[in-house]
Amino acid sequence: MYKVKVFITLRESVLDPQGSVVKNSLHSLNYNEVSDVRIGKYMELTVEKTERNIEEVVKEMCERLLANVVIEDYRFQIEEAVAQ
């Protein structure tokens, strides 16, 4: 069994209006040292072991459903998990 952590962020070339609002709010609270904020998504998946290569499976899931690859980048970490 695997625990997969998936991180999805907007590509650098894509404007992030939600990040801009958070940055402006931080500045209004006098956290002026913050120069940029990018908002993303984080998810954890528990995946059963199969004959398929786990990295290929996770990449396929990200590209087909979890991330909009036109405007988002993704990365993931795979850890072996102990079955409970």
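Everything quoted here is computed from the prediction, not taken from an experiment.
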Give a yes or no on whether [X] and [Y] share a hydrophobic cluster (residues Ile, Leu, Val, Met, Phe, Trp, Tyr; joining criterion: side-chain heavy atoms under 4.5 Å apart).
X	Y	answer
I8	V37	no
I39	M43	no
F76	L65	yes
V21	L29	no

* **All side-chain hydrogen bond (donor to acceptor under 3.5 Å, both in side chains) counterparts of E33, not counting sequence neighbours** => none

* Residues in side-chain hydrogen bond (donor to acceptor under 3.5 Å, both in side chains) with E55, at least two apart? -> none

* Non-hydrogen side-chain atoms of M61 and V4 separated by less than 4.5 Å -> no

* Asked: Is the closest side-chain heavy-atom distance between Y2 and E80 below 4.5 Å?
  -> yes

* Listed by chain and number, what are the salt bridge (Lys or Arg N to Asp or Glu O under 4.0 Å) partners of E12, not counting sequence neighbours? -> none

How close do [X] and [Y] get, heavy atom to heavy atom, and via which atoms?
X	Y	result
I54	V47	CD1-CG1, 3.6 Å
V34	H27	O-NE2, 2.6 Å
E63	Y74	OE2-OH, 2.7 Å
M1	T46	SD-CG2, 3.5 Å
A81	K3	CB-N, 4.0 Å

* To do: Just jot down the ring-ring contact (aromatic ring centres under 6.0 Å, His included) partners of Y42, sequence neighbours excluded, or say none.
  => F7

* Structure fact -> Sorted by chain and residue number, the side chain to side chain contact (heavy atoms under 4.5 Å, CB included) partners of V14 (sequence neighbours excluded) come out as L10, R11, I71

* Partner residues of R52 under the side chain to side chain contact (heavy atoms under 4.5 Å, CB included) criterion, sequence neighbours left out -> T50, V57, E60

* Asked: What is the distance from atom CG of D36 to atom CG of D16, rounded to the nearest 0.5 Å?
  -> 8.0 Å

